[in-house]
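A short worksheet on the structure shown next.
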Amino acid sequence: MKIRTRFAPSPTGFMHVGNLRTALYEYLTAKHENGTFVLRIEDTDRERYVEGATQVIYDTMKLAGLEHDEGPDIGGEFGPYVQSERLSMYKPYAEKLVEEGKAYRCFCTKERLEALKENAPEGTGYDRHCRDLSAEEIQKNLDAGMPYVIRQKMPLTGSTSYHDLVYGDITFPNEDLDDQVLIKTDGFPTYNFANVIDDHTMGITHVVRGSEYLLYDAFGWEIPTYIHLPLIMGKSVDEEGNEVISKLSKRHGSTGFMDLINEGYLPEAIINYIALLGWAPKDTREIFSLPELIEAFDINGISKSPAVFDYDKLSWVNQEHIKAMSDEEFLEHAKPYYDEAGVDPSCYALLAELLKPRIAKFTEITEKLSFIKQYGDFELELFEHKKSKSTLESSKQMLEQAIPVLAQVQWDRDSITEAMKELAEKLEVKNSVVMWPVRIAAAGVAVTPGGCAEVMILLGREESLRRINYAYSRL
RNA sequence: GGCCCCAUGGUCAAGUGGUUAAGACGGCGCCCUCUCACGGCGCAAUCAGCGGUUCGAAUCCGCUUGGGGUCACCA
């Protein structure tokens with residue numbers, strides 16, 4: 001049987017990484033077996049409807065590379081793929097359950113339910129007040145036009161169990177199950193009910209979802225294979241200064257896919273990292289492209305325990321993806337920052353080499369290249385460096401000697417480096433004694449991407465000499 | 001609180017009765033080196049506890065403890 005999975009987000013305008021990971025695993029589960037990946041929009045909560053939020057979902061899926069085979073925007077034979085457009089389907093199923101005595105109309109008001117909640121001990125559900133209303137009472141209420149919901153009539157005894165590919169057999173006593181609402185007062189189905197109907201009518205074979213949904217639906221159809229995922233946790237600090245670990249949410253910082261993108265993380269790195277949160281390959285590989293994930297993915301590799309989201313490791317994954325880029329790809333991402341820093345296109349190749357191993361995010365380029373535009377009366381102590389045997393005195397001498405050399409040397413990286421080494425040899429000092437002060441004088445900062453030759457290439461001969469002469473004058 | 005689930009270093013984790021208990025991130029140190037990175041090498045750090053079962057338990061069972069989730073006309 002061909003595998004069909006579905007990602008069913010609700011359009012809230014925000015894609016949490018937890019949801020994205022669910023989508024990823026749905027996608028991988030299907031694609032690993034050449035199955036079909038369906039996108040379905042769950043917009044049954046009209047109170048939380050957000051304009052344009054559906055577009056955010058499309059954009060995110062596209063950026064992340066998770067292309068669906070069926071969905072609202074591209075159609076498919078199981079449409080429509082938006083729940084609000086399937087509205088007429090749900091009620092008949094609920095009515096059928098009512099007829100069969102498996103569900104009932106509940107006329108309880110919100111007020112009554114709230115009062116119930118307040119007075120009952122915590123953790124007590126609906127009191128099943130309307131579960132056994134007489135036919136007369138029901139008819140009377142209907143005639144009076146009272147609003148109602150349809151609730152599922154859960155069995156009061158026995159237990160329900162089902163098999164989960166990650167957690168194994170899950171069993172819970174029926175008496176603990178609430179008579180949950182299937183159809184709301186407004187006629188819309190609840191998430192759980194619509195899900196079961198949709199998954200069934202769309203032929204979904206495998207349902208992947210977070211383990212917070214572990215309890216639930218027992219409808220009577222052959223149920224799909226469940227794959228419940230351990231939650232993604234976040235680390236935070238509470239009012240008393242204690243470290244707290246809880247379900248990852250907005251208070252843990254950037255947890256939305258777009259937030260992370262804006263912070264400089266690459267889509268493929270985010271995908272790579274979250275794939276590893278709760279799943280491990282058979283070997284020790286850590287860096288994957290999406291096609292490589294499809295190849296390597298195996299449900300058996302999903303773990304049961306919650307995983308803490310670690311921004312440090314995400315950064316490392318991001319860096320690895322950057323290092324693996326071709327110079328062309330690198331330039332595409334780096335270009336805006338180059339323009340901002342004011343670098344010449346002739347330096348692009350050099351910069352790719354210099355920057356690739358030095359940045360974890362492209363946003364860091366600005367800081368790395370800030371010395372190109374900014375130069376001032378830096379602290380002269382920068383010339384002192386014990387390990388390089390550089391002092392204020394030696395620096396002055398070295399700069400004096402280097403200036404004429406730099407004025408006439410062929411202006412390329414190797415020639416400059418060679419010339420500086422020759423100078424050091426001539427003066428019988430370590431390379432670093434001349435190279436350190438030249439680099440400091442040209443850059444005006446202690447830390448630069450690359451050595452003195454690279455710094456000067458980026459600045460150009462004219463600017464380099466101008467700076468070095470100026471620094472020399474200050475010594 | 002009821003119910004459900006989970007438990008290997010600070011974090012992600014491999015491990016499915018016999019291993020010196022992998023690997024990665026992070027930390028620390030050394031090497032390389034004109035700075036910072038990259039790279040290389042190395043160090044510290046884990047089977048929550050207690051009972052069983054077994055010739056032998058991180059691996060199986062029970063209890064305890066800890067953590068998390070869930071108890072909506074939200075998804």
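Chain naming here is simple, since letters A, B, ... match the order of the sequence lines and numbering starts at 1 in each. When reading the values below, keep in mind they use all heavy atoms of this one structure, side chains included, and skip hydrogens, waters and symmetry mates.
The phosphate of B:rA24 (OP1 or OP2) has no side-chain N or O of A:Lys313 nearer than 4.0 angstrom. Phosphate contact (OP1/OP2 of B:rC34, side-chain N/O of A:Lys389, threshold under 4.0 Å): absent. One finds a side-chain N or O of A:Lys323 lying less than 4.0 angstrom from the OP1 or OP2 phosphate oxygen of B:rG39. Within the 4.0 Å cut-off from OP1 or OP2 of B:rC6, at least one side-chain nitrogen or oxygen of A:Lys304 is found.
Only the P atoms considered, B:rU46 is 7 Å distant from B:rG10, to the nearest whole Å. A distance of about 37 Å separates the P atoms of B:rA44 and B:rU64, rounded to the whole Å.
Not counting sequence neighbours, A:Tyr58 has no partner by the ring-ring contact (aromatic ring centres under 6.0 Å, His included) test.
Pairing of B:rC34, defined by two Watson-Crick or G-U wobble distances under 3.5 Å, is not identified with any nucleotide.
Looking at heavy-atom distances under 4.0 Å, A:Ser432 makes contact with sugar-phosphate atoms alone, never a base. Residue A:Lys356 is classed as having no contact, given no heavy-atom separation below 4.0 Å to the nucleic acid. Residue A:Thr185 is classed as a base contact, given a heavy-atom separation below 4.0 Å to a base. A:Arg151 comes within contact range of the sugar-phosphate backbone alone, with a heavy-atom separation under 4.0 Å but no base atom that close.
Within the structure, no pair that satisfies the salt bridge (Lys or Arg N to Asp or Glu O under 4.0 Å) test touches residues 427-447 of chain A, not counting sequence neighbours.
Taking every side-chain heavy atom of A:Phe172 into account, B:rC3 is the closest of B:rC25, B:rC3, B:rC36.
Ionic pairing of A:Arg151 and A:Asp178 is not present here: no N-O contact between side-chain nitrogen and carboxylate oxygen is shorter than 4.0 angstrom.
One donor-acceptor pair, N or O on each side, does fall under 3.5 Å between the base of B:rC36 and the side chain of A:Arg358.
Remark: A:Arg21 qualifies as a cation-pi partner of A:Tyr25 under the 6.0 Å distance and 45° angle criteria applied to the six-membered ring.
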